[in-house]
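Structure first, then comments.
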Amino acid sequence: MRLSRYFLPVLKENPAEAQIVSHRLMLRAGMIRQQAAGIYSWLPLGYRVLRRIEQIVHEEQARAGHIPLLMPTLQPADLWRESGRYDDYGQEMLRIRDRHDRDMLYGPTNEEMITDIFRAHVESYKQLPLTLYHIQWKFRDEIRPRFGVMRGREFLMKDGYSFDLTREDALHAYNRHMVSYLRTYERMGLTAIPMRAASGPIGGDNTHEFLVLAETGESEVFYDARVPALKLGDRAVDYDDRAQVAAICEEFTSLYARTDETHDAALFEQIPEERRCIGRGIEVGQIFYFGTKYSEAMGATVVTPDGARVPVEMGSHGIGVSRLLGALIEANHDDRGIIWPEGVTPFPVGIVNLKQGDAATDAACEGLYAALAARGLEALYDDREDRAGAKFATMDLIGLPWRITVGPRGLANGVVELTCRRTGESEEMSAEAAVARVAEIYAGR
RNA sequence: CGGAGCGUAGCGCAGCCUGGUAGCGCGCUGGUUUUGGGUACCAGAGGUCGCGAGUUCGAAUCUCGCCGCUCCGACCA
């Protein structure tokens, strides 16, 4: 993408309403625009990252054997009357009436609807296990939206629903989700710690939240220092191997890690003192096993091998997709701007032309741009007539992990400069070498 | 929803107390200059002063009502 033809409305000054760093940077980097309290338009740069995150979520869900579908944002109230939640949910649920005076709502979640789909089409244990998920906009009419996309009213969420015959099967689905979430966050360059959580209004007894450590997090968290160091890495996972999946969950949850809601001071004290950590975290996902709460209420049953009819065992599992943008920036920034992890960056690399209009630098930049494209890497090429300082400041702000700087001085010696956004380290090399290096960095992506 | 504020140009703000033809910085447009970290100068464009009533010869400014937004708290993915 050539910056001269892109739409990147960056701001030099901080908008007054943004209090936390991720909100400020998303506004300044031209990623979002607020349209109402807690409701945002996603401008091209923000939209690219959002889609990238969605893509990673889809890929990891597919790997775990989960099946995508798409349910609507608007739902009929009747489904929610069946489960009893229409009255329970309260003011957070946005209620709408259509022209025929039917009660509708903008979905804050989809348990009722997915249960309706299930009961209509699944009759036998032979069709289990089944996990269906979608990535769809939700609305919760928060009393006080804040922190930009971290606590908006409208938000994009991946929510998945598992259906199993037995409790044991359902717990495997739960574990499978935990492992797939660990992979998902790791690919994004995040350390998200599963923490035992309180069940909240959805109900159920087995639940973990995934928290990204950040000073601006909304929850206080207590954990063993060894937990954030745990990595899934590139080990091979067979999601059908119950023992292996359970062992990974055990590895990631046996050490102490809890939010303030479930914190147990006595247990915490048992950790050696030097490993006791207290911090704050941003919740970016949650998994629940809740059994037959909805299937019983809504008559979602299957026939067992014995010919009996039993309510299906369910769980629901969410990832806050739009919220992840905020969490990623909270965890990856410095005083000059965002620092995207390679996994989620909107563009893999930026090209800065220091002397737009100079035949040699223009040609070198065009060459780099084409060579990167040939390797499947879409660079953001700053081809505007502007000062070097302004171009650097823009690149630093929007946070592309790598930058190739092309100027007459370097070209005279046959080199361009490759700079790492995170470390600030620069290295001079030929244009060909720079392309090769960037391609290598992104080879696994 | 309790408490506290704020709505004046795309962004950040002054002007309001003490009513008299709407300003500053950044950004934007044209030009000159400059060219390896937000350059300098010149000339411009851009505003229903959130909305509606009222007081007044005259309202951004005073009064009343409404709307929107932000912050702290309670609540939440």
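Throughout, protein chains are lettered first and strands after them, A, B, ... in sequence-line order, and every chain is numbered starting at 1. Since we're looking at a predicted model, the values are computed, not measured.
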Provide the distance between the two [atom1] atoms, one in [N] and one in [M], to the nearest whole Å.
N: B/G47; M: B/U8; atom1: P; answer: 15 Å
N: B/A4; M: B/G65; atom1: P; answer: 16 Å
N: B/U39; M: B/G23; atom1: P; answer: 26 Å
N: B/G7; M: B/C13; atom1: C1'; answer: 13 Å
N: B/C6; M: B/C64; atom1: P; answer: 15 Å
N: B/G15; M: B/A9; atom1: C1'; answer: 15 Å
N: B/G46; M: B/G30; atom1: C1'; answer: 15 Å
N: B/G58; M: B/C62; atom1: C1'; answer: 13 Å

With a 4.0 Å cut-off on heavy atoms, is [X] in touch with a base, just the backbone sugar-phosphate, or nothing at all?
X: A/Gly410; answer: base
X: A/Gly152; answer: base
X: A/Glu92; answer: sugar-phosphate
X: A/Gly318; answer: nothing
X: A/Asp386; answer: nothing

All salt bridge (Lys or Arg N to Asp or Glu O under 4.0 Å) counterparts of A/Asp164, not counting sequence neighbours
none
Taking for each residue the nucleotide of RNA chain B bearing the nearest heavy atom, is the 5' side occupied by A/Glu154 or by A/Thr405?
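Between the two, 5'-proximity favours A/Thr405.
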Let me know, please, whether A/Arg33 or A/Val10 comes out on the 5' side of the other along RNA chain B by nearest nucleotide.
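So the residue in question is A/Arg33.
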Can you measure [X] atom [atom1] to [N] atom [atom2] for me and round it to whole angstrom units?
X: A/Arg387; N: B/U34; atom1: CZ; atom2: C1'; result: 6 Å
X: A/Gln91; N: B/G2; atom1: CD; atom2: P; result: 13 Å
X: A/Met395; N: B/G36; atom1: CE; atom2: P; result: 17 Å
X: A/Ile39; N: B/A77; atom1: CD1; atom2: P; result: 19 Å
X: A/Phe288; N: B/C76; atom1: CZ; atom2: P; result: 12 Å
X: A/Leu397; N: B/C11; atom1: CG; atom2: C1'; result: 14 Å
X: A/Glu428; N: B/G36; atom1: CD; atom2: C1'; result: 11 Å
X: A/Glu385; N: B/U34; atom1: CD; atom2: P; result: 15 Å

Do the ring centers of A/Phe163 and A/Phe118 come within less than 6.0 Å of each other?
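Yes: the rings meet the under 6.0 Å criterion.
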Not counting sequence neighbours, which residues clear side-chain hydrogen bond (donor to acceptor under 3.5 Å, both in side chains) with A/Arg375? List them please.
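A/Arg375: no side-chain hydrogen bond (donor to acceptor under 3.5 Å, both in side chains) contacts found.
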Using purine N1 to pyrimidine N3 plus N6-O4 or O6-N4 for Watson-Crick, or N1-O2 and O6-N3 for G-U wobble, each under 3.5 Å, what pairs with [N]?
N: B/C13; answer: B/G23
N: B/U18; answer: none
N: B/A4; answer: B/U70
N: B/C76; answer: none
N: B/G37; answer: none
N: B/U29; answer: B/A43
N: B/U63; answer: B/A53

Can a donor-acceptor pair be found between the side chains of A/Glu111 and A/Tyr294 at a distance below 3.5 Å?
no
Walk along nucleotides 66-74 of chain B from 5' to 3' and tag each nucleotide B, S or - by protein heavy-atom contact under 4.0 Å, base first, then sugar-phosphate.
---SSBBBB
So is A/Arg183 actually on top of A/Tyr185's ring, under 6.0 Å and inside 45° of the axis?
no
Cationic tip of A/Arg95 within the cone over A/Tyr86's six-membered ring, i.e. under 6.0 Å and within 45° of the normal?
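Geometry flag: set, cation within 6.0 Å and 45°.
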Is there a donor-acceptor pair under 3.5 Å between the side chain of A/Glu330 and the backbone N or O of A/Ser22?
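Yes.
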State, with a plain yes or no, whether a side-chain heavy atom of A/Arg276 is found less than 4.5 Å away from one of A/Phe268.
yes
Scan A/Ile338, A/Val10, A/Leu11 and name whichever one has a side chain to side chain contact (heavy atoms under 4.5 Å, CB included) with A/Leu397.
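Filter result, single survivor: A/Val10.
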With the side chain of A/Glu13 defined as its heavy atoms from C-beta on, choose the nearest nucleotide among B/G38, B/G36, B/G25.
B/G25
Under the 5.5 Å and 30° test, is A/Phe392 stacked on the base of B/G36?
no
Hey, is the side chain of A/Lys12 poking within less than 4.0 Å of OP1 or OP2 on B/G38, counting only N and O atoms?
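A/Lys12 to B/G38 OP1/OP2: no side-chain N or O under 4.0 Å.
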Among A/Asp103, A/Asp88, A/Asp87, which residue satisfies the salt bridge (Lys or Arg N to Asp or Glu O under 4.0 Å) criterion with A/Arg81?
A/Asp103
